[in-house]
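Lettering of chains follows the sequences in order, A, B, ..., and the numbering in each one begins at 1.
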Number of protein chains: 4
Amino acid sequence: MVDRVVEAAERVLQDVDYQQASTNRIAAAAGVSPGSVYQYFADKDEIVEAVLTRMSDRLAGVIVPALHRAAPLDPASRTRVIVEAVIDALEGEAGLLRALIDRIPTIEQRQAVNAIRARAEETVYQSLAAMPGRVCDSELDRATWMIVELASYLPVRYVLDRPPIAREAFVEDLVDLILRIGYGP
Amino acid sequence: MVDRVVEAAERVLQDVDYQQASTNRIAAAAGVSPGSVYQYFADKDEIVEAVLTRMSDRLAGVIVPALHRAAPLDPASRTRVIVEAVIDALEGEAGLLRALIDRIPTIEQRQAVNAIRARAEETVYQSLAAMPGRVCDSELDRATWMIVELASYLPVRYVLDRPPIAREAFVEDLVDLILRIGYGP
Amino acid sequence: MVDRVVEAAERVLQDVDYQQASTNRIAAAAGVSPGSVYQYFADKDEIVEAVLTRMSDRLAGVIVPALHRAAPLDPASRTRVIVEAVIDALEGEAGLLRALIDRIPTIEQRQAVNAIRARAEETVYQSLAAMPGRVCDSELDRATWMIVELASYLPVRYVLDRPPIAREAFVEDLVDLILRIGYGP
Amino acid sequence: MVDRVVEAAERVLQDVDYQQASTNRIAAAAGVSPGSVYQYFADKDEIVEAVLTRMSDRLAGVIVPALHRAAPLDPASRTRVIVEAVIDALEGEAGLLRALIDRIPTIEQRQAVNAIRARAEETVYQSLAAMPGRVCDSELDRATWMIVELASYLPVRYVLDRPPIAREAFVEDLVDLILRIGYGP
DNA sequence: TATGAATGAGGATTCATTCAT
DNA sequence: CATGAATGAATCCTCATTCAT
């Protein structure tokens, strides 16, 4: 039932304005009465939060295995594998992503998003720290921040804006940029 | 009168939730009656659009002169000057930017944003085209897209998230990335 | 318009349950849209408060002149005049009184009622203090409290319950009790 | 089970607004499912009615023995004993009383209260009838009504409002008033 | 008998918009 | 032009009640 509502919410969010995605409409889309929604969600925010969490989980379901596959590889290959996985994951969520990016009115609802981000930073930091020939210690934090921004935002824009750029070329560029940050100019 | 309303809208948008920034509240903040607002704006979306346009104009007011100052310089210096100007411009708009990023419910309202973007792409493309030792012709579009994304999004995140990174270091990294894209790996 | 709403509220409160006296129903009874109500009243409580205030004012409109008429009389006559006025006033409000007594869910809304009470206490206290042969100083407060309770509650019950008691007999009894309190046993 | 629900209802009514004392909340407080409640009570009103009945029974449990103890005494002592018992009884119920007085939305629910009242009138009437030197026959009804009102309402206000009056003084006054009614002015 | 998930009408309130003045 | 009172559909949410298990 929780699932039914969240899935309905995902559908409604993709169909209409965030503002028009009313609880009643979501309930109707779920084939459920408005009252029922409130047995599983305290308020509307919790529904949106659940949508974000589910999406995050699906993204993680694609990306985390890639992290494991990538672990034993050399930095360039590892970065490429992960970047590919990020793009794959985002492509599977393009519809919902488009609905949520720039539409979520409050930042507080982004716990799920922040959780992903924290995990990403940890992974990047550890990865960098273990890399031979990398930037000096004092720049690890900066490099981590830059890489996470590059590796999260550019793929999102690539998937949402569908610029006329071949995917391999985009991946190549992005990997190059990330390594450049990792090794310093 | 248009200005009064738009300025009030900017103030209200920074003060309260996007959802609570009602036309009545904006009218009140402007010291104008709700009815009068509708003599200059067809609906609420037009007000928000006007806010975005005004913000875009202010951003352009900082960035365009920098483009002129930067024109005669060598690519590295030119990029640096422009990146600095972009950050300066965004810092002046941090409050409103924070209010609008993640809050604008419809992407359709972003005409003003798209206008800026188109201008940026034109500038970058011309700049790249004229640069000696640059990427080959077939990659101009890709490089343009990547650079515009880099040069617009990273400064926004830098200004809004205020990561613990020195501004000069951030500028240096960003300039390096942009040049890397411009010259190819 | 305020009046229209408050009058409608009075009517609705007399017709239906306090719980069923919804803002929408009141608006409908006033021939006004639900939204209009909220231009004059912050919330439902304010409407009820206004109803109470209006009723209090009407009660005062009957009782205050009686206080003036009564002022020059001897204690027994004065008390009788006032008691008669209280009963007269309450009889004019029997319908609304019945609707509100025992139906107001929160005590906080009773500002209007408390205001009346405070005025009554002041009047009784002054009256007692100036009376020859009255109870001693240390008992003024007690006598005041008792008299106010007697003179407010018993008439209310008399008007609402309509016991088979002649009005003159009731007045006589009540005046007797009040004087008894005033002079001590 | 009935008891469990009614006790829970008493607790809930004292804790929250009458409007928020929902059947679901009462069921939860009773550790019972909402559905089960409806096997013993036709609707919410019946629950409240049961609460009132139980409270009435507890009041009677204190007052009725006092009536017996008081029976052989002279009128003044008898009245005092009963008044003391009434105050004692009400003080034990102050919490619930405060929750219900001014909050019960419909007078129709007050069967239990009316039952108490009928019993009180009977007792007072018999008592008066048997009293030497009492008011004349034609005034028995009036005296009964007045005494019941005095002896029920004033103690309630005394217990709920806690005016700064010593209990003995209050009892003395009230007994005096009642006897005054009983014997006529 | 007991459950508790499900119901859905209804509640208070908001707000983009209109229109008579 | 400007006003601002009035609108009324729509919003989020509650809760007395039901019914399949």
Side-chain angles (χ1 to χ4, degrees), chain A residues 1-2 4-5 17 19-28 30-48, chain B residues 1 4-5 16-28 30-48, chain C residues 1-2 4-5 17-28 30-48, chain D residues 1 4-5 12 16-28 30-48:
Chain A
M1 164 70 92
V2 168
R4 240 166 105 184
V5 172
D17 233 35
Q19 317 231 46
Q20 292 176 330
S22 69
T23 53
N24 283 353
R25 199 194 276 249
I26 290 170
V32 152
S33 86
S36 299
V37 171
Y38 287 85
Q39 286 205 325
Y40 301 97
F41 302 94
D43 55 20
K44 196 188 174 184
D45 283 357
E46 265 194 15
I47 303 175
V48 176
Chain B
M1 164 72 92
R4 246 167 98 183
V5 173
V16 305
D17 247 25
Y18 182 84
Q19 317 232 41
Q20 293 177 328
S22 66
T23 52
N24 284 347
R25 202 193 277 247
I26 290 169
V32 155
S33 86
S36 300
V37 170
Y38 284 83
Q39 231 132 36
Y40 300 97
F41 301 93
D43 56 19
K44 194 188 176 185
D45 283 358
E46 267 195 14
I47 303 176
V48 176
Chain C
M1 164 69 91
V2 168
R4 239 166 106 185
V5 172
D17 233 34
Y18 180 84
Q19 316 232 46
Q20 292 176 328
S22 68
T23 53
N24 284 349
R25 199 195 276 248
I26 291 170
V32 152
S33 86
S36 299
V37 171
Y38 287 86
Q39 287 204 324
Y40 301 96
F41 303 93
D43 55 20
K44 196 188 174 184
D45 282 358
E46 266 193 16
I47 303 175
V48 176
Chain D
M1 166 71 94
R4 246 168 98 182
V5 172
V12 171
V16 305
D17 247 24
Y18 182 84
Q19 316 231 42
Q20 292 176 329
S22 66
T23 53
N24 284 346
R25 203 193 277 246
I26 290 169
V32 154
S33 86
S36 299
V37 170
Y38 284 83
Q39 230 131 38
Y40 300 97
F41 302 92
D43 56 19
K44 195 189 176 185
D45 283 358
E46 267 195 14
I47 304 176
V48 176

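At a threshold of 4.0 angstrom between heavy atoms, the contacts of S22(C) are confined to the sugar-phosphate backbone, with no base atom among them.
In this entry the distance linking CG of N24(D) with C1' of dT7(E) reads 12 Å, nearest Å. The nearest whole Å value for the distance from the CZ atom in R25(C) to the C1' atom in dG11(E) is 12 Å. One interatomic measurement links the two molecules: CG of D17(B) to C1' of dT14(E), which rounds to 14 Å at whole-angstrom precision. What separates CG of D45(C) from C1' of dG11(E) is a distance of 14 Å, to the nearest Å. The nearest whole Å value for the distance from the CD atom in Q19(C) to the C1' atom in dG11(E) is 12 Å.
When the nearest nucleotides of DNA chain F are assigned to T23(D) and Q20(A) by heavy-atom distance, the more 5′-ward of the two goes with Q20(A).
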Expected output check: what is the dot-bracket annotation of DNA chain E, where ( ) and [ ] are pairs inside the strand (brackets for crossing ones), | is paired with another strand, and pairs are Watson-Crick or G-U under 3.5 Å?
.||||||||||||||||||||
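Near-neighbour residues of DNA chain F inside residues 33-41 of chain C, defined by a heavy atom below 4.0 Å, number-ordered: S33(C), P34(C), G35(C), S36(C), Q39(C), Y40(C).
Taking every nucleotide of DNA chain F with any atom under 4.0 Å from a non-hydrogen atom of chain A, the first and last of them, 5' to 3', are dT11(F) to dC15(F).
In terms of modelled atom types and a separation under 3.5 Å, the side chain of D43(C) and the main chain of E46(C) share a donor-acceptor contact.
A 4.5 Å side-chain heavy-atom check between Y40(D) and V5(D) finds every atom pair outside the cut-off.
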Going by atom type alone, with no hydrogens or angles, which donor-acceptor pairs under 3.5 Å involve a side-chain atom of residues 21-28 of chain A and a protein atom two or more places apart or on another chain?
{"unit_1": "S22(A)", "atom_1": "OG", "unit_2": "R25(A)", "atom_2": "N", "d": "3.1"}
{"unit_1": "R25(A)", "atom_1": "NE", "unit_2": "Q20(A)", "atom_2": "O", "d": "3.2"}

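Scanning for side-chain contact (heavy atoms from CB on, under 4.5 Å) contacts around S33(B) gives S36(B), with sequence neighbours left out.
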